[in-house]
Number of protein chains: 2
Amino acid sequence: MTVTIKDVAKRAGVSPSTVSRVLSGHPRISLETSRKVKVIMEEMGYHPNMMAKSLVSKTTNSICIILPKPAEELFSNLFFMELIRGIVTQASRSGYDVLISSGANEKEELEAASRLLKGRRVDGVILLYSRKDDAVIDFLENNGYPFVLVGRSDRYENILSVDNDNVMAAYDATNHLISMGHERIGFVSGPQNLIVSRDRLEGYRKAMQNSELEMRPEWIVEGEFLQDSGYRAMSFFMNLPNRPTALVVVDDMVAFGVLRGLNELKYSVPEDLAIVSFNNIPLSELSNPPISSIDIGIYHLGYTASQVLIQGIQKAAIGAGYTNRFVIPHRLIIRESSMHSLNKK
Amino acid sequence: MTVTIKDVAKRAGVSPSTVSRVLSGHPRISLETSRKVKVIMEEMGYHPNMMAKSLVSKTTNSICIILPKPAEELFSNLFFMELIRGIVTQASRSGYDVLISSGANEKEELEAASRLLKGRRVDGVILLYSRKDDAVIDFLENNGYPFVLVGRSDRYENILSVDNDNVMAAYDATNHLISMGHERIGFVSGPQNLIVSRDRLEGYRKAMQNSELEMRPEWIVEGEFLQDSGYRAMSFFMNLPNRPTALVVVDDMVAFGVLRGLNELKYSVPEDLAIVSFNNIPLSELSNPPISSIDIGIYHLGYTASQVLIQGIQKAAIGAGYTNRFVIPHRLIIRESSMHSLNKK
DNA sequence: CTGTGTAAAGCAAACGGTTCCATAAGGAGG
DNA sequence: CCTCCTTATGGAACCGTTTGCTTTACACAG
């Protein structure tokens with residue numbers, strides 16, 4: 001049936017241990033034996049059984065991505081694809097396999113994490129979101145499992161995390177609009193239980209305060225990271241008596257929704273309403289008009305997360321790491337949706 | 001350290017085999033013992049070690065998605081995200097984990113497949129592409145590994161596959177344009193080593209022949225499944241002396257490229273050039289104008305592929321399946337990009 | 001009271017590797 | 001010539017489960 005290490009050993013006239021040593025490049029194996037065994041392995045089409053290997057080494061050489069919320073909603077956001085792409089690419093380079101898993105709610109995520117880690121199926125996990133008071137993080141932290149958070153935690157200081165400086169990013173985005181002469185600037189936010197939403201809102205506030213601009217409560221609308229939220233926010237804003245001339249939008253998908261609504265109502269962008277959003281997914285430049293967006297280096301975020309996690313796993317035995325918070329730089333990509341200056345008027 | 005089946009056994013005063021049987025719901029375990037053991041397992045936080053389990057059962061309860069080409073290019077296509085979403089959702093429902101893997105070329109894919117299957121790390125694989133003369137398919141087929149192809153093979157009749165009727169889909173798309181009064185219709189194709197490209201081209205040809213329309217060789221342009229290809233095809237077509245009035249485009253991303261070019265040159269769609277494309281990715285309706293596209297049920301394609309594969313794995317022992325080719329229905333979604341009739345003129 | 005059938009649980013051998021410890025051979029040093 | 005290293009290899013235990021075969025303990029029929 002399957003050819004095992006014992007079959008190879010018998011055929012080569014050596015012991016299984018010797019074959020194992022040849023496989024792992026043990027120093028105390030004569031060149032002659034090593035060559036002979038290798039030839040036989042080739043001949044017999046031997047492949048080590050990963051399960052057996054994992055069983056004794058207590059290591060699986062695989063990591064897992066945990067997607068929060070039903071995959072249905074999530075995946076529709078191009079954002080995650082970019083992230084996964086970065087993760088898979090890096091992991092593959094490090095010789096790790098990537099398992100992807102998702103749950104319908106926090107409880108299911110927790111079950112998945114627990115099953116995979118306690119069941120020793122993966123060596124560590126990457127969390128793609130950070131909520132306030134996240135139970136999954138608690139679980140991982142309390143049990144000492146290797147993990148890295150893409151985002152930041154509001155409660156743990158020393159966990160591995162890869163994130164942008166979202167406060168600063170929002171600050172920059174808002175300032176860009178201000179520099180274009182806008183004074184009435186609205187903000188379309190994401191769910192407030194997500195740290196990223198909070199951070200971006202804070203950056204917006206800082207920029208507004210810094211320029212001593214008025215901040216009306218009705219200029220801040222909260223929604224989901226979905227197109228529809230943008231669409232709804234747009235109708236709300238456009239019906240306001242004293243409506244904003246520009247919008248900072250928390251996510252490109254949401255901005256697409258805003259844009260769709262604006263197009264339907266025949267408003268023009270950026271003349272009637274300037275827009276800057278976040279994430280710069282590959283389609284931001286394809287919309288009509290192309291959207292100014294903060295590029296947060298999504299791919300890089302994923303790539304780094306994977307790298308940091310795998311290093312963490314491998315060095316776990318040696319001792320804890322040095323840096324634990326990695327900040328990926330962002331940069332503002334200015335496109336048509338904000339290229340209209342009010343300064344001259 | 002970790003709590004094993006033996007620890008539970010000892011604490012419960014029974015043998016490991018008994019605990020194992022409790023776990024698998026063996027009939028010959030007294031209710032009393034079963035309850036006692038379950039309580040102890042709970043108390044001690046026992047979780048079965050999947051590696052050990054896999055080792056003896058020779059089953060991993062996981063499947064693998066093999067992405068061809070560098071993930072870099074591939075993933076940029078939203079298409080794959082939808083597919084993966086369908087696969088992961090279904091697999092998760094069946095209690096399977098999904099591993100994702102990719103290679104830079106056919107050789108690397110083969111290595112990945114070989115490593116994962118021979119190394120007994122996954123029970124089966126899903127192939128997301130079918131090339132002509134694919135070496136990975138040969139490998140899987142010759143070694144009797146369970147796999148399913150999303151697409152179809154040109155050489156094997158009886159392998160499991162999930163596909164659309166792409167010939168018919170292209171036929172429908174082309175006919176739609178014909179019914180709108182177009183007679184000079186061009187075709188932007190994908191790489192000809194991909195079966196899907198060939199099938200769609202054939203459908204276009206059939207429709208044109210069927211309506212006895214002229215087919216000029218220069219009206220068929222071959223490119224990649226990327227925006228740039230569309231952009232280039234567009235410039236080519238628009239510089240033609242006798243240019244087409246409508247285009248059938250092999251993929252939405254490519255159509256976006258066409259659209260971008262057309263917008264830049266201030267042509268209007270559909271008046272100057274009508275467009276119909278394929279796949280209907282979530283963003284097709286967001287472009288300007290929204291693109292008519294053949295919805296091929298990407299999510300459904302993935303979902304079915306996963307289902308078929310897992311059934312195949314589980315029934316492998318019992319005997320081969322019945323149907324082996326599954327066809328997912330398509331339907332044309334008409335949007336603005338083709339809503340301009342030439343008939344009245 | 002013995003023989004037999006049955007339910008419940010235990011024993012031990014796998015599964016395919018890794019690795020610590022032991023051993024054999026050969027060479028060097030005394 | 002004996003002892004002691006060193007180097008190359010073998011032996012066996014173990015990683016955490018599953019499972020076929022036994023064993024044990026009754027209950028009941030003869």
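We name chains A, B, ... by the order of the sequence lines, and we start the count at 1 in each one.
In this structure Asp134(A) satisfies the salt bridge (Lys or Arg N to Asp or Glu O under 4.0 Å) test together with Arg131(A), sequence neighbours excluded. Taking Asn143(A) as the reference, nothing meets the side chain to side chain donor-acceptor pair (under 3.5 Å) condition, with sequence neighbours excluded. The side chain to side chain donor-acceptor pair (under 3.5 Å) check on Arg21(B) picks up nothing, with sequence neighbours excluded.
Close approach of DNA chain C to chain A, defined as any atom under 4.0 Å from a non-hydrogen atom of the protein, starts and stops at dG16(C) to dC20(C).
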For this session: Determine, for nucleotides 4-12 of chain D in 5'-to-3' order, which nucleotides have protein heavy atoms under 4.0 Å from the base (write B), from only the sugar-phosphate (write S), or from neither (write -).
Result: ---BBBBBB
Between side-chain atoms of residues 301-309 of chain B and protein atoms elsewhere (two or more places apart, or another chain), which donor-acceptor pairs fall under 3.5 Å?
from	atom 1	to	atom 2	distance (Å)
Tyr303(B)	OH	Arg93(B)	NH1	2.9
Thr304(B)	OG1	His300(B)	O	2.7
Ser306(B)	OG	Gln90(B)	OE1	2.6
Ser306(B)	OG	Ala91(B)	N	3.4

For residues 44-53 of chain B, run the donor-acceptor check on the side chains, cut-off 3.5 Å, and write out each pair with its distance to 0.1 Å, sequence neighbours left out.
from	atom 1	to	atom 2	distance (Å)
His47(B)	NE2	Ser114(A)	OG	3.4
Asn49(B)	OD1	Met51(B)	N	2.7
Asn49(B)	OD1	Ala52(B)	N	3.0

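DNA chain D lies under 4.0 Å from at least one heavy atom of each of the following residues of residues 51-60 of chain A: Leu55(A), Val56(A), Lys58(A). Residues from residues 36-46 of chain B placing a heavy atom under 4.0 Å of any atom in DNA chain C do not occur.
Residue pairs that meet the ring pair (Phe, Tyr, Trp, His ring centres under 6.0 Å) test with at least one member in residues 131-162 of chain B, sequence neighbours left out, are Phe139(B)-Tyr145(B). The stretch residues 120-129 of chain B participates, sequence neighbours left out, in these salt bridge (charged side-chain N to carboxylate O under 4.0 Å, His left out) pairs: Asp97(A)-Arg121(B).
Note on the helix from dC1(C)-dG30(D) to dG30(C)-dC1(D): angle between the axes of the first and last five pairs equals 70°, rounded to 10 degrees.
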